[in-house]
Participant: 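Okay, handing you the structure first.
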Amino acid sequence: EPHIVVNSHKQCTLPAGTPQTITGHIYCDNYFEFWFNGELVAKDPMTFTPHNAVQVSFEWDGVSDKEFAIMCMDYASTSGYE
């Protein structure tokens, strides 16, 4: 099991090359798609279009670059009301 180090900035660091689970929240009004390193990781699971926050978790190999892409879509109408 890898040894975890907490540095003076209160950040946890793992030895290079250690796989990690990355978890975060995506907030988008009204729809999103999320990619990590060119792979689709998550799509907005809501079947309607509210403002929402969705928790997303995925694995990182600990070696490759970390490239994130998020497409957000807003379904605002010309009336100004959503």
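Just so we're clear, the structure is a prediction, and the values are computed from it rather than from any experiment.
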Participant: Not counting sequence neighbours, which residues clear side chain to side chain contact (heavy atoms under 4.5 Å, CB included) with E39? List them please.
Facilitator: none

Participant: Taking ILVMFWY side chains as joined if any heavy atoms are under 4.5 angstrom apart, and letting links pass through other members, which residues group with Y27?
Facilitator: none

Participant: Are P45 and V54 close enough that some pair of their side-chain heavy atoms sits under 4.5 Å apart?
Facilitator: yes

Participant: How close do D74 and N30 get, heavy atom to heavy atom, and via which atoms?
Facilitator: OD1-OD1, 3.2 Å

Participant: Working to the nearest 0.5 angstrom, can you tell me the gap between W60 CH2 and I22 CD1?
Facilitator: 6.5 Å

Participant: Using the side chain to side chain contact (heavy atoms under 4.5 Å, CB included) criterion, which residues pair with D61? Sequence neighbours excluded.
Facilitator: V63, S64

Participant: Using the side chain to side chain contact (heavy atoms under 4.5 Å, CB included) rule, take T23 and Q55 through it: C-alpha gap first, then chi angles, then the decisive distance, then the call.
Facilitator: CA-CA 7 Å; T23 302; Q55 182 173 323; 3.4 Å; yes

Participant: Side chain to side chain contact (heavy atoms under 4.5 Å, CB included) between F32 and K43: does it pass, once the steps are laid out?
Facilitator: CA-CA 6 Å; F32 77 88; K43 286 184 178 184; 5.9 Å; no

Participant: Would you name the heavy atoms of F36 and D65 that are closest together and state the gap between them?
Facilitator: CZ-O, 4.4 Å

Participant: What residues form a side chain to side chain contact (heavy atoms under 4.5 Å, CB included) with E59, not counting sequence neighbours?
Facilitator: T21

Participant: I'd like to check the side chain to side chain contact (heavy atoms under 4.5 Å, CB included) partners of M71; sequence neighbours left out, ordered by chain and number.
Facilitator: Y31, E33, W35, M73

